[in-house]
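Working notes, structure below.
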Amino acid sequence: MADGKQFSDDMSLAVLQDMASCGLETTWDRYEAQLPQCGFGKSGLCCRHCNMGPCNVDPFGRGAKTGVCGADADTIVARGFVRTIAGGASAHSDHGRAVCELLAATGRGEAPGYQIKDEKKLRFIARVMGIEAEGKSKEDLAIAVGEMALAEFGKPHGHQLMTTRAPKPRQEIWRRLGILPRSIDREVVEAMHRTGMGVDQDYHSLLLHAQRLSLADGWGGSMLGTELQDVLFGTPQAILGEINLGVLKADHVNVIVHGHEPILSEMVALASQDPELVEEAKRVGAKGIVVAGICCTANELLIRHGIPVAGHMKMQELAIATGAVDAMVVDVQCIMQGDVALAAQFHTRCITTSPKARIRGAIHIEFDEHHALDTAKKVVREAIQAYTQRDPSRVKIPQESRPAVVGFSHEFINYMLGGRFRASYRPLNENIINGRIRGVAGVVGCTQPKVPKGQQPYLELVKELVAADVLVVETGCAALECGRAGFLLPEFQEAAGPGLREVCEAVGMPPVLHAGSCVDNSRILIACTEMVHEGGLGDDISKLPVAGACFEWMHEKAIAIGQYFVSSGAFVAFGITLPVYGSPAVTKYLTEEIEAEVGGKWAFGLSASQMAAAMIDHINAKRAALGIDKPGERVLYDMEARRQLKF
């Protein structure tokens, strides 16, 4: 904020204080118990890749200069960075693989309860993949697309098909550097091989593979996951939802779905509306069944159905502590093992559903897409039974929630800007060129307890950006944090600079657009590509006045996302420092030298205000390079001039 004050989340602070008075442990308590955290680990200077170690390299030169094998700080740090991206790419791409399998199974009629909801998008993706769609039923096409998508994970030859959607100059850069991604699984396996003892020992070579690996995720597994989820569950359009713990209801059965794969949560939402289950809930004294989300599963349900969101990742324990959650139903990623111990202090049933993600002490009801609705009904019945054991005296639901307008997929943005017949990014490009919109910022990513209790740096960052006429597009937990504060509403136009506000008022949109979950960052890649194709802002993503940010990164996925944006030509700023600063050479490469190769670069370890300033400076520099840094004259077109316009 301009006055230097930090945003404070009073609601969360009140819940945390209440938990502390009851002796309930939280993620902040566990974080504080870890302090001081290992400096070698934070700087990336710890190597455990073989049994001659673990080895630490002293960054001050007073101790060991190399590991036992002779690996220096540059090699150790680069290896760790590659392995972090391998973990992140594996998480998102494995999510994508599950969606590809479901699409093929749906086409074969082997997944009752699922259906193809966006046939138009299915046919578009088929064309991108080179599949002949003419004359094929949507079921046959779903099988063909699903099977070819699955081949992207392990094909022995060729490159990721989705990379053909990138601007041509960008594809040429990737080819020239040898980082055009091949099969997804191959890049992950090669990352683990390269970083093993005695293999790749050149930090630049390692970091080139880190880029290829991240691109296999962003333009491969993640993009397939997003696009095929749209095919199966519907492409998001603007919809009104509600965010914060106040969405829970004391007189209802409350089911929270938490994780990342909407394959499960879609069915739980459907089961909760089953008349038989609603009647069962009423028989035990509840008025009905509420399904609410946490983390990115929440984003998926929110953008497609307007199903309410209880909170972001670091609010999962706070939700349980309301005493009103009857079932915490989880699939994969960002789920704290501490949830089970906390739930045991209440009546809440923790239910795991994925064969990849069991938690000792939780109930395991394995999800099977071939019997999806039946499985979801079992899950909801567990919640109904738990409701009978709820202690009403322990129910403390903060009466705070905010409406939010969400669902700004690439397709809806296209429609919003041009209507059904002239859907186009032209109005966006023109308003960037004429200066009403300075540029576009992607603000994405995690929340985590390294940020002090109650503080909300994403709000400070976003408020400074929109005040500078920067349109913000958000995904993941960052979007939910802003949604809790009312930033995802048209009324937030009041915080925008005069140019951005004028555009938002004309279009009827918020200055902060919620685009989905963390896997949906691929939507931002496609939006940037569309801006390039629309013309007037250069021939590559690296020429655009755009920037990206993640303040509270926590998961390895965030590093994979950041790197695939950098390798796609974007400037990316992270708030909590990357574990690479133990190597000045690696740090310099990522923050400076990499720009000469791919057009993008990193910045990290910045405060919210520093991050906003760095992003605005970058956007201004890109505007200057395009020659659009000075306001142009407003021209009144006569009819003849209008006829010359090309759409």
Side-chain angles (χ1 to χ4, degrees), residues 12 15 26-27 91-92 95 98 241-245 247-248 253-269 271-272 289-305 307-344 346-359 361-367 375-376 379-380 382-383 386 397 445-449 475-481 483-484 516-520 554-555 557:
S12 293
V15 176
T26 70
T27 183
H92 269 161
H95 171 169
E242 192 175 0
I243 303 175
N244 223 349
L245 291 177
V247 304
L248 301 173
V253 173
N254 291 303
V255 181
I256 283 188
V257 287
H258 172 25
H260 285 77
E261 294 183 352
I263 294 171
L264 164 70
S265 55
E266 286 275 337
M267 287 297 118
V268 172
S272 71
I289 302 168
V290 168
V291 173
I294 288 278
C295 206
C296 278
T297 285
N299 281 311
E300 296 286 1
L301 289 177
L302 178 66
I303 62 176
R304 291 191 175 88
H305 310 294
I307 288 174
V309 174
H312 49 68
M313 193 285 299
K314 66 182 178 185
M315 293 178 67
Q316 57 193 279
E317 293 172 318
L318 278 64
I320 294 172
T322 64
V325 175
D326 302 296
M328 173 72 81
V329 186
V330 303
D331 47 57
V332 295
Q333 300 168 28
C334 302
I335 298 144
M336 297 185 191
Q337 188 169 350
D339 289 351
V340 174
L342 180 61
F346 295 87
H347 72 295
T348 306
R349 299 188 183 182
C350 280
I351 302 172
T352 56
T353 59
S354 171
K356 302 169 188 172
R358 292 175 180 255
I359 306 174
I363 299 167
H364 188 72
I365 301 176
E366 194 154 313
F367 188 73
T375 307
V379 166
V380 174
E382 287 285 344
I397 304 172
C446 319
T447 56
Q448 66 126 308
T475 63
C477 288
L480 298 181
E481 184 77 306
R484 293 174 65 225
S517 67
C518 58
V519 80
D520 292 332
M554 172 276 299
H555 201 285
K557 295 177 296 182

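Count residues from 1 along the sequence. Given the structure is predicted, the values throughout are model-derived calculations rather than measurements.
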Where do [X] and [Y] come nearest, in terms of heavy atoms and distance?
X      : Y      : value
Asp331 : Ser354 : O-CB, 3.9 Å
Leu245 : Met315 : CG-CE, 3.8 Å
Thr297 : His258 : OG1-C, 3.9 Å
Lys314 : Pro449 : CD-N, 4.4 Å
Ala383 : Asp326 : O-CB, 3.5 Å
Ala319 : Leu248 : O-CD1, 4.5 Å

Kindly compute the distance separating [atom1] ([X]) from [atom2] ([Y]), expressed to the nearest 0.5 Å.
X      : Y      : atom1 : atom2 : result
Ser265 : Ile294 : OG    : CD1   : 13.0 Å
His92  : Cys518 : NE2   : SG    : 3.0 Å
Thr353 : Met267 : OG1   : CE    : 13.5 Å
Thr475 : Leu480 : OG1   : CG    : 9.5 Å
Glu366 : Lys356 : CD    : NZ    : 11.0 Å
Asp339 : Thr27  : CG    : OG1   : 9.5 Å

Is there side-chain contact between [X] and [Y], with heavy atoms separated by less than 4.5 Å?
X      : Y      : answer
Met313 : Met336 : yes
Val257 : Leu264 : no
Leu318 : Ser12  : yes
His260 : Lys557 : yes
His95  : Pro262 : yes
Asn299 : Asp520 : no
Val309 : Val247 : no

Is the backbone of Ala91 close enough, under 3.5 Å, to the side chain of Gln333 for a donor and an acceptor to pair up by distance?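 Yes: the side chain of Gln333 pairs with the backbone of Ala91.
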Is a donor on one side and an acceptor on the other found under 3.5 Å between the side chain of Thr348 and the backbone of Val325? yes
Glu300/Ser517 under side-chain hydrogen bond (donor to acceptor under 3.5 Å, both in side chains): CA gap, chis, key distance, verdict: CA-CA 6 Å; Glu300 296 286 1; Ser517 67; 2.7 Å; yes
